[in-house]
Amino acid sequence: MLPLDTGADIEGLAAFHAEAETVLALPDDELYRAAPDVSGWSPGHHLFHVLLANELAFRNVKLVLKANEDPEGASKWFQPSGEPTLLGYHVQLWEWIPRGVAKSPRAVTPPAKPNPEIVRDTLRSCRESFDALCADPSRVIQAKGGVPHQDLGWLTAAGWLRFAKLHGWHHLAIVRDVRAAG
C-alpha cells in the first residue's frame, strides 16, 4: 500500500483550485494564447483539460465510496483490489508527473477554442464536487477498493485525489512556462 497523506492532498487540491481561479481571471486573449515552443495548448486549454480530468477523478472517488456503502450496486468500473502500474506507483510515491509521457484521452481533451464561461463553470462544478467529497475525509481515507486509471493503473479513492492534485499542479507548472514564454 502506498503511503498517502490525504489531508495534504486535499490541501493541495484546494490550493490548486485557488490558483486556477487566478489564472482563469486573466483576460481571454492572454488566457488562450499558446506558446508553441513550450506547449501547443494555452493556459486556458491546460486548465480546461485538468478540470475535465478532475470531474472524472471525483466521479471515480464517488464510485469507490458508493461501492463501499452498497456493494450490490457497485459500478462495473469498481475493483475490490488491484495495483497501480509502475508509472502509477512512482507518480503517487514521488508526487511528480513527468512531462510528455502520456497523451490526453479524447474525453478530457479541450476543444480548439474553449468557451471561457464553460471553463469557469467547470471549475465551479469541480470545486463543489471536491468540497462535498472532502467534507468528511475519513470516508475517502478508509474506503476500500479502487477504479483503474488508463496509465496509472488501479487507484483507491485517496489515490484519485492525489492524482487530481498532482495532475493539476503538473499543468499549472506548464501554464507558468507558457505565460513566461508569451
Side-chain angles (χ1 to χ4, degrees), residues 1-17 19-20 23 35-43 45-69 71 74-110 122 126 129-130 133-134 137-178:
M1 200 65 156
L2 285 164
L4 302 180
D5 184 346
T6 303
D9 292 334
I10 289 169
E11 288 175 15
L13 264 168
F16 162 77
H17 287 134
E19 183 72 18
V23 174
D37 291 344
V38 177
S39 172
W41 284 354
S42 69
H45 286 93
H46 280 280
L47 285 180
F48 197 27
H49 161 71
V50 170
L51 296 171
L52 293 171
N54 282 1
E55 283 183 329
L56 292 176
F58 297 155
R59 181 208 64 185
N60 289 336
V61 173
K62 291 175 195 173
L63 291 178
V64 173
L65 295 177
K66 184 177 183 320
N68 277 250
E69 294 165 4
S75 162
K76 67 179 183 178
W77 299 109
F78 174 79
Q79 296 176 358
S81 63
E83 294 292 329
T85 63
L86 183 59
L87 176 63
Y89 181 80
H90 288 295
V91 163
Q92 290 187 77
L93 184 64
W94 295 335
E95 298 193 49
W96 175 73
I97 298 175
R99 287 191 186 181
V101 171
K103 181 166 173 35
S104 174
R106 185 180 57 192
V108 296
T109 298
T122 306
C126 278
S129 291
F130 168 72
L133 286 172
C134 298
S138 65
R139 288 181 61 222
V140 174
I141 294 166
Q142 295 168 4
K144 304 292 185 220
V147 174
H149 178 278
Q150 72 169 30
D151 294 320
L152 304 181
W154 186 80
L155 300 178
T156 63
W160 276 104
L161 286 183
R162 172 157 291 184
F163 166 73
K165 176 193 80 172
L166 297 174
H167 187 237
W169 285 104
H170 166 80
H171 280 277
L172 281 176
I174 299 169
V175 164
R176 283 192 292 276
D177 292 347
V178 167

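Side-chain contact check for Leu172 versus Arg176: some heavy-atom pair is nearer than 4.5 Å. Annotation: side chain of Lys62 is in contact with side chain of Ser129 (closest heavy-atom distance under 4.5 Å). Side-chain contact between Leu51 and Glu55 is absent, with no heavy atoms from C-beta onward closer than 4.5 Å. Residues Leu161 and Val140 have side chains in contact (heavy-atom distance under 4.5 Å, counting atoms from C-beta outward). For the pair Val64/Phe78, a side-chain contact is recorded, criterion being any heavy-atom separation below 4.5 Å from C-beta on. Between Val50 and Phe16 there is a side-chain heavy-atom pair separated by less than 4.5 Å.
Side-chain atoms of Trp169 come within 3.5 Å of backbone N or O of Gly12 as a donor-acceptor pair. At least one donor-acceptor pair closer than 3.5 Å links the side chain of Trp160 to the backbone N or O of Val147. Trp154 contributes a side-chain N or O that, together with a main-chain N or O of Gln79, makes up a donor-acceptor pair within less than 3.5 Å.
Across all non-hydrogen atoms, the minimal contact from Ala20 to Leu47 is O-CD1, 4.0 Å. What you find for Ser39 and Val178 is that their closest heavy atoms are CB-CG2, 3.9 Å. The heavy-atom pair separating Leu155 from Gln92 by the smallest distance is CD2-NE2, 2.8 Å. Of all heavy-atom pairs spanning Thr109 and Ser104, the tightest one is OG1-OG, 2.9 Å. Among all heavy-atom pairs drawn from Cys126 and Phe58, the shortest one is O-CE1, 3.5 Å. Of all heavy-atom pairs between Phe48 and Pro110, the closest is CD2-CB, 3.8 Å.
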>> With side chain to side chain contact (heavy atoms under 4.5 Å, CB included) as the criterion, how do Arg99 and Asp177 come out once you've worked through the C-alpha distance, each side chain's angles and the decisive distance to 0.1 Å?
In response: CA-CA 12 Å; Arg99 287 191 186 181; Asp177 292 347; 2.9 Å; yes

>> Go through it in stages, so that I can follow the logic: the residues are Leu13 and Asn54, the test is side chain to side chain contact (heavy atoms under 4.5 Å, CB included), and I'd like the CA-CA distance, side-chain angles, deciding distance and then a yes or no.
In response: CA-CA 10 Å; Leu13 264 168; Asn54 282 1; 4.2 Å; yes

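A side chain to side chain donor-acceptor pair (under 3.5 Å) check over residues 141-153, counting only residues at least two apart or in different chains, returns nothing.
Residues forming a side chain to side chain donor-acceptor pair (under 3.5 Å) with His45 (at least two apart in sequence, or on another chain): Ser42.
Remark: Leu63 CG to Lys76 NZ distance equals 11.0 Å, nearest 0.5 Å. Rounding to the nearest 0.5 angstrom, the gap separating the CG atom in Leu65 from the CG atom in Asn60 is 11.0 Å. Summarising the geometry, atom CD1 belonging to Ile141 is positioned 9.5 Å from atom CG belonging to Asp9; distances are rounded to the nearest 0.5 Å.
The existence of a salt bridge linking Glu95 and Arg162 is confirmed by a sub-4.0 Å separation between a basic side-chain nitrogen and an acidic carboxylate oxygen.
Using cut-offs of 30° and 60° on the angle between ring planes, the pair His167 and Phe163 is parallel. Classification of the Trp41-His46 ring pair by plane angle, with boundaries at 30° and 60°, yields perpendicular.
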